[in-house]
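Here's the structure, in structure tokens; my notes come after.
Residue numbers begin at 1 in each chain, while the letters A, B, ... track the order of the sequences.
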2 protein chains.
Amino acid sequence: MRSTPHAETFPAHTPAAAQVFTTVLSHGPLTRLETGRRAGLSPAAVTKAVRPLLAAGYLVEGGGPGEAAEGEEARPALGRPASLVRVNGERALFAGVKATGDELIAVLTDLCCRVRLARRAPLRDRAPGPALAAVTGLVHELLAHAAESHAPVAGLGIAVSGDVDRAEGVVRYSPFLDWRDVPLAELAATACGLPVTVDNDVRALTVAEQWFGAGAGLSDFALVTVGAGIGCGLVVHGRVVAGAHGVAGEIGHLVVDPAGPPCHCGNHGCVEAIAGDAAIVARIREVTGCHVVDSAEAVALAHQGVPGAREVYARAGEAIGRGIATVANLLGPERVIISGEGLAAYDLFAEQIRQAFTTAAFGSAARCDVQTRPLPFEEWARGAAAAAIQTFITQHPSSGKG
Amino acid sequence: MRSTPHAETFPAHTPAAAQVFTTVLSHGPLTRLETGRRAGLSPAAVTKAVRPLLAAGYLVEGGGPGEAAEGEEARPALGRPASLVRVNGERALFAGVKATGDELIAVLTDLCCRVRLARRAPLRDRAPGPALAAVTGLVHELLAHAAESHAPVAGLGIAVSGDVDRAEGVVRYSPFLDWRDVPLAELAATACGLPVTVDNDVRALTVAEQWFGAGAGLSDFALVTVGAGIGCGLVVHGRVVAGAHGVAGEIGHLVVDPAGPPCHCGNHGCVEAIAGDAAIVARIREVTGCHVVDSAEAVALAHQGVPGAREVYARAGEAIGRGIATVANLLGPERVIISGEGLAAYDLFAEQIRQAFTTAAFGSAARCDVQTRPLPFEEWARGAAAAAIQTFITQHPSSGKG
DNA sequence: TTCTTTTATTGACAGTGGAAAATAAGGGCC
DNA sequence: GGCCCTTATTTTCCACTGTCAATAAAAGAA
């Protein structure tokens, strides 16, 4: 994070106000009373926190769509009717960009992190300068679109894989981009004229899940991404784990089978060396003799029932399941969310993941709830936007709570 | 934890006071200024927090032994000399008991968790009733000794392996004791007339390390215990990880080698099935043909250079190192502390642990500082006392910070 | 002695969030 | 319609925390 030009300010003067806002943000329309209960505050405190937020337009009264539709909580019909408070998504927009080694994906979201617009662009030159120019170009496209609405764009998030120091806004080391110590937040803030948050891609996705997804309200959960790499974001004690040295959640290089295939990290039988896209494709090529070039083809082959292909996926599923069980054994999260591009093949893994998990989870660690959810292509960029939203909300009051 | 008879009260009325006290407790004699810096408070706040603690005798002024001995911080010789504040260990005593399946170990410590007295007693009947009686007996021995000093005994901690709900003071399930849902804190409080804290043994040891040991001041570290079992306590974001289902840090059942020996947990090649005491002894018996019955003999054999024995330890070291690397990869702790009875054999596996760790740690996770420290036999009981001290200090103000 | 420098303390003060009481807003009931 | 009951929200104090800026204290140096 960096300070910035023409910043939109967020009137959460007190910790309680930020607390209230994030509670309403994560848990949809709520009554003030309920908000207080969830945030551990008195109703009076909620009223006081809500007022300036209403005045500034960040919150609005009256339930959103689907308010009375769900008859879930049969309205008490007795006593003064509650008035619902919800976040006004229209109030501000955010841009999120995910940079991979060869592509940029950008989204424009509202304050509720709903995607308004998504764009992709190839990244032809990954050196910091040209990459920054490409990001800036893409962001300007988003800004042009945003200008049509009345909502200001209040922040830009950039997600990059590797070792990222979010607090300083510096990319310490990103293997795919081949960057070292790039002060990306500062550069991008200058180039785009927006407050910029830079974070590791998996952590950003975890933030999105924690605030807007299946992790909402949980103080301990893990997010596992399956795709080109196998990643893992962890939330412990309500905060995303960053690791003392900037690295955490490296589930991809857990060794699952010392007798397994070699991995680029130098070991054998890492989860990624068995269940990463490249590993699966290579292995399927080897087993079936078919010349598959990407995972789509590999999945197709398995679905067609080509001999041996399913087994490759089964083995991958087992590796993933074991990795998840390891996380569960160590941290005892309430829930594990499996996501990622690799989920296209989920029907090929699911059974093995679940089984390997159940077998390897020790004792009540097995009670952990394992969920899957699809990962649209723009999800990584949405994670970046979520990080920007988080910065926007928590920046001004010196607090740092997630 | 349970409320209690004739409780000694601790005058930490405000969060800041508890913060100040624990800072001084963990970091030895400190000036008020320095205390404020570390605790993130203004000097004024420190002065105000310190006063009632001094008045009540929990803190005293003037450095302890070794005050000026260390010339570390060359005294400025200019300006008003700082006056050091430290915890008065004599002010209160605590009892700690560790219960294994066949033995009780008890210690009496002072407020700084220094062991005053240690006692062991066999546990002949592990049913809750008789075990409680045995604990009570042992505690009364400690109390008798404590009566000779003027310090009151302000709490009792009991450490038990398995699933323990510290907040409720209930042992949910302890395999070694074969207990289920025993409200131990309440029972022991009644029987001993002391406030009782019950916690999982590894977590208690972790607390001791966090406040009084090599983890002092670190917000992220792991403690690995090597012995009959292989355990792991985790501190993330400055708090001990408890897990949503009461289980966390189960490093002992990480599968290190699917082709390895069977484990009682049902899997093959768990760390514990390779590096636990029983596994090592069994394997050494198998390899050498010698009839060894305990780890002392096994260690002796390896030291004598009996063929094959060293290799068993080497393999154990590798398994442990891999387990530690897994923790480092997932959480990125600042430090890992290896401890345990198994350290008697440390020279036999040190090299392999270090090597396996370095090999399996991914990227900068390898920068994690791996330390070893001996574990005196009464250390587990001391952990229980540390838990009691923690309860004592943090109970009254409704906070729950570790 | 007086000055300088650093540490500790004091007292005024600005916010925070809580408790309790007051108020608002329905639906039923008579 | 008026009154009562219930629950939600708001108001009105108010206690309390920790900060700020000023001041005292405790040396050594000049």
Side-chain angles (χ1 to χ4, degrees), chain A residues 11-24 27 29-55 59-63 67-68 73-86 394 396-401, chain B residues 11-24 27 29-55 59-63 67-68 73-86 394 396-401:
Chain A
H13 307 295
T14 93
Q19 183 77 352
V20 163
F21 188 79
T22 60
T23 302
V24 174
H27 301 284
L30 287 177
T31 70
R32 289 169 172 78
L33 214 56
E34 179 61 15
T35 305
R37 212 183 48 70
R38 300 208 194 196
L41 293 166
S42 68
V46 176
T47 292
K48 282 187 265 197
V50 158
R51 199 186 337 265
L53 291 167
L54 277 174
L59 292 179
V60 290
E61 233 155 341
E67 164 182 17
E73 303 216 359
R75 67 198 71 36
L78 202 55
R80 171 177 173 171
S83 89
L84 295 171
V85 173
R86 70 186 165 82
T394 55
H396 313 286
S398 57
S399 122
K401 212 283 191 171
Chain B
H13 307 295
T14 93
Q19 184 77 352
V20 163
F21 188 80
T22 60
T23 303
V24 174
H27 301 284
L30 287 176
T31 70
R32 289 171 172 76
L33 216 56
E34 178 63 15
T35 305
R37 211 183 49 69
R38 299 208 194 195
L41 292 167
S42 68
V46 176
T47 292
K48 281 185 245 190
V50 158
R51 197 185 340 266
L53 292 168
L54 278 175
L59 292 178
V60 290
E61 233 156 340
E67 163 183 19
E73 301 216 357
R75 67 195 72 42
L78 202 54
R80 170 176 175 171
S83 90
L84 295 172
V85 174
R86 70 185 164 83
T394 55
H396 313 287
S398 57
S399 122
K401 212 282 192 172

In whole Å, what is the span from the [atom1] atom of [X] to the [atom2] atom of [N]?
X: B:R32; N: D:dA24; atom1: CZ; atom2: P; result: 18 Å
X: B:Q19; N: D:dT17; atom1: CD; atom2: P; result: 15 Å
X: A:H13; N: C:dA14; atom1: NE2; atom2: P; result: 17 Å
X: A:L33; N: D:dT10; atom1: CG; atom2: C1'; result: 12 Å
X: B:R37; N: C:dT7; atom1: CZ; atom2: P; result: 11 Å

TODO: Compute the angle between the rotation axes at the two ends of the helix from C:dT1-D:dA30 to C:dC30-D:dG1, each taken over five pairs, rounded to 10 degrees.
DONE: 30°
Open item on the list: Using a 4.0 Å cut-off on heavy atoms, which residues in residues 45-54 of chain B reach DNA chain C? List them by number, or say none.
Closed with: B:T47, B:K48, B:R51
Between [X] and [Y], which heavy-atom pair has the shortest distance, and what is it?
X: A:P52; Y: A:P11; result: O-CG, 4.2 Å
X: B:A39; Y: B:T23; result: CB-OG1, 3.7 Å
X: A:A12; Y: A:A17; result: CA-CB, 3.9 Å
X: A:L30; Y: A:V24; result: CD1-CA, 4.5 Å
X: B:L33; Y: B:P43; result: CD1-CG, 3.6 Å

TODO: Would you indicate which nucleotide in C:dA8, D:dT10, C:dG18 comes nearest to any side-chain atom of B:T31?
DONE: C:dA8
State the [atom1]-[atom2] distance between [X] and [Y], to the nearest 0.5 angstrom.
X: B:R38; Y: B:T35; atom1: CZ; atom2: OG1; answer: 8.0 Å
X: A:L59; Y: A:L84; atom1: CG; atom2: CG; answer: 12.0 Å
X: A:L41; Y: A:T14; atom1: CG; atom2: OG1; answer: 8.0 Å

TODO: List the protein contact pattern of nucleotides 22-30 of chain C with one symbol per nucleotide (5' to 3'): B for base contact, S for sugar-phosphate-only contact, - for none; contact means a heavy-atom distance under 4.0 Å.
DONE: --BBBS---
Open item on the list: I'd like to check the salt bridge (Lys or Arg N to Asp or Glu O under 4.0 Å) partners of B:R37; sequence neighbours left out, ordered by chain and number.
Closed with: B:E34
- [ ] With DNA chain D as reference, determine whether A:A82 or A:A44 sits nearer its 5' end, using the nearest nucleotide of each.
- [x] A:A82
TODO: Would you please name every residue forming a side chain to side chain contact (heavy atoms under 4.5 Å, CB included) with A:A82, sequence neighbours left out?
DONE: A:T31
Open item on the list: Taking side-chain hydrogen bond (donor to acceptor under 3.5 Å, both in side chains) as the definition, give me every residue that meets it alongside A:S83, ordered by chain and number, with sequence neighbours left out.
Closed with: A:R32, A:E61
TODO: Please state whether the phosphate of D:dG18, meaning OP1 or OP2, lies under 4.0 angstrom from any side-chain nitrogen or oxygen of B:T14.
DONE: yes
